[in-house]
Amino acid sequence: MSPRRRDRHGRGMRGPLAPSHVPIARSRGERFDDLVLDAVDRLRVRWSKELASVEFGVEEVPRASELIDGPGRLASDPIPFGRAEPAAGGEPALVVVYRRPMEARARDREHLAGLVHSVVVEQVASLLGLTPEAVDPGYDGD
């Protein structure tokens with residue numbers, strides 16, 4: 001028996017819907033990563049020395065230990081958008097941004113870009129011991 005060359009409906013082999021070099025071919029995760037990189041690049045212009053040893057990452061959702069309500073956690077916003085961990089034990093400082101909670105909150109791509117930038121600014125400010133306004137004078141907190 002020879003291998004089938006067409007699917008059972010006779011439409012042929014399915015391939016990509018768009019060439020890989022066009023923006024529509026990028027996944028939501030890849031587009032989110034680009035937003036985080038853009039936000040970090042904007043901050044590196046002013047804070048390159050301070051951010052030289054900071055690693056930035058994206059995770060889908062927060063760890064379960066971060067979802068527990070406790071003192072200092074606002075009941076109206078129990079799911080964090082990111083976290084910052086200072087350098088410790090030879091490990092570099094780390095800023096992590098959570099993709100899915102922000103995508104769920106954002107109205108559109110432009111709002112998501114602003115939200116990502118705000119979260120990155122807040123986490124960097126936390127690491128540097130500064131206010132978000134000092135890290136980025138254009139910070140609006142939205």
Side-chain angles (χ1 to χ4, degrees), residues 3-142:
R4 295 175 70 173
R5 294 184 186 257
R6 293 182 153 312
D7 66 4
R8 67 187 184 122
H9 297 288
R11 293 187 209 112
M13 300 289 286
R14 295 189 90 171
L17 297 176
S20 62
H21 64 278
V22 297
I24 195 170
R26 296 183 55 82
S27 70
R28 285 174 38 181
E30 291 170 331
R31 290 190 305 261
F32 188 86
D33 292 348
D34 289 344
L35 293 176
V36 173
L37 290 173
D38 290 344
V40 171
D41 288 344
R42 286 174 55 187
L43 293 179
R44 284 197 197 276
V45 171
R46 185 171 180 195
W47 301 97
S48 61
K49 187 176 99 181
E50 292 82 359
L51 298 179
S53 62
V54 176
E55 290 187 5
F56 292 86
V58 174
E59 292 180 6
E60 293 293 311
V61 293
R63 296 180 283 196
S65 61
E66 295 178 63
L67 300 176
I68 299 170
D69 288 334
R73 172 111 37 215
L74 299 174
S76 64
D77 195 18
I79 300 176
F81 290 149
R83 76 174 188 274
E85 298 176 3
E91 294 293 319
L94 177 66
V95 171
V96 176
V97 179
Y98 302 119
R99 180 174 73 89
R100 293 202 180 237
M102 281 198 266
E103 286 179 338
R105 173 73 64 87
R107 296 182 300 267
D108 54 28
R109 181 157 170 79
E110 184 177 314
H111 185 244
L112 180 60
L115 188 58
V116 167
H117 181 72
S118 293
V119 169
V120 170
V121 168
E122 291 165 2
Q123 299 307 318
V124 167
S126 172
L127 275 180
L128 300 179
L130 301 170
T131 64
E133 293 82 7
V135 171
D136 180 12
Y139 172 80
D140 61 5
D142 261 347

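- From Leu112, atom CG reaches atom CZ of Arg107 across 11.0 Å, with rounding to the nearest 0.5 Å.
- Here the closest non-hydrogen pair linking Leu43 and Val124 is CD1-CG2, 3.9 Å.
- Between the CG atom of Asp34 and the CG atom of Asp41 there is a distance of 10.5 Å, given to the nearest 0.5 Å.
- Looking only at side-chain heavy atoms (C-beta outward), Arg42 and Asp38 stay at 4.5 Å or farther from each other.
- When all heavy atoms of Pro80 and Pro62 are compared, the pair lying nearest together is O-CG, 3.7 Å.
- The side-chain heavy atoms of Glu85 and Glu91, taken from C-beta on, include no pair separated by under 4.5 Å.
- Between the side chain of Gln123 and the backbone N or O of Ala84, at least one donor-acceptor pair lies under 3.5 Å.
- Of all the heavy atoms in Val135 and Trp47, the pair that sits closest is O-NE1, 2.8 Å.
- Contact between Val61 and Arg100 at its shortest, heavy atoms only, is CG1-CB, 4.0 Å.
- Pairing each heavy atom of Arg46 with each of Pro137, the nearest pair is NH1-CD, 3.0 Å.
- Side chain of Arg44 to main chain of Leu51: a donor-acceptor pair is present (N/O by atom type, distance under 3.5 Å, no hydrogens or angles).
- Each of Arg28, Arg109, Arg31 was checked for a salt bridge (charged side-chain N to carboxylate O under 4.0 Å, His left out) with Glu103, and the lone residue meeting it is Arg28.
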Full working for side-chain contact (heavy atoms from CB on, under 4.5 Å) between Arg99 and Asp33: CA-CA 9 Å; Arg99 180 174 73 89; Asp33 292 348; 5.8 Å; no
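- When all heavy atoms of Val97 and Phe32 are compared, the pair lying nearest together is CG1-CZ, 3.8 Å.
- Looking at heavy atoms from C-beta onward, Arg105 lies out of side-chain contact with Ile79 at the 4.5 angstrom threshold.
- A donor-acceptor pair under 3.5 Å is absent between the side-chain atoms of Ser126 and the main chain of Glu122, judged by distance alone.
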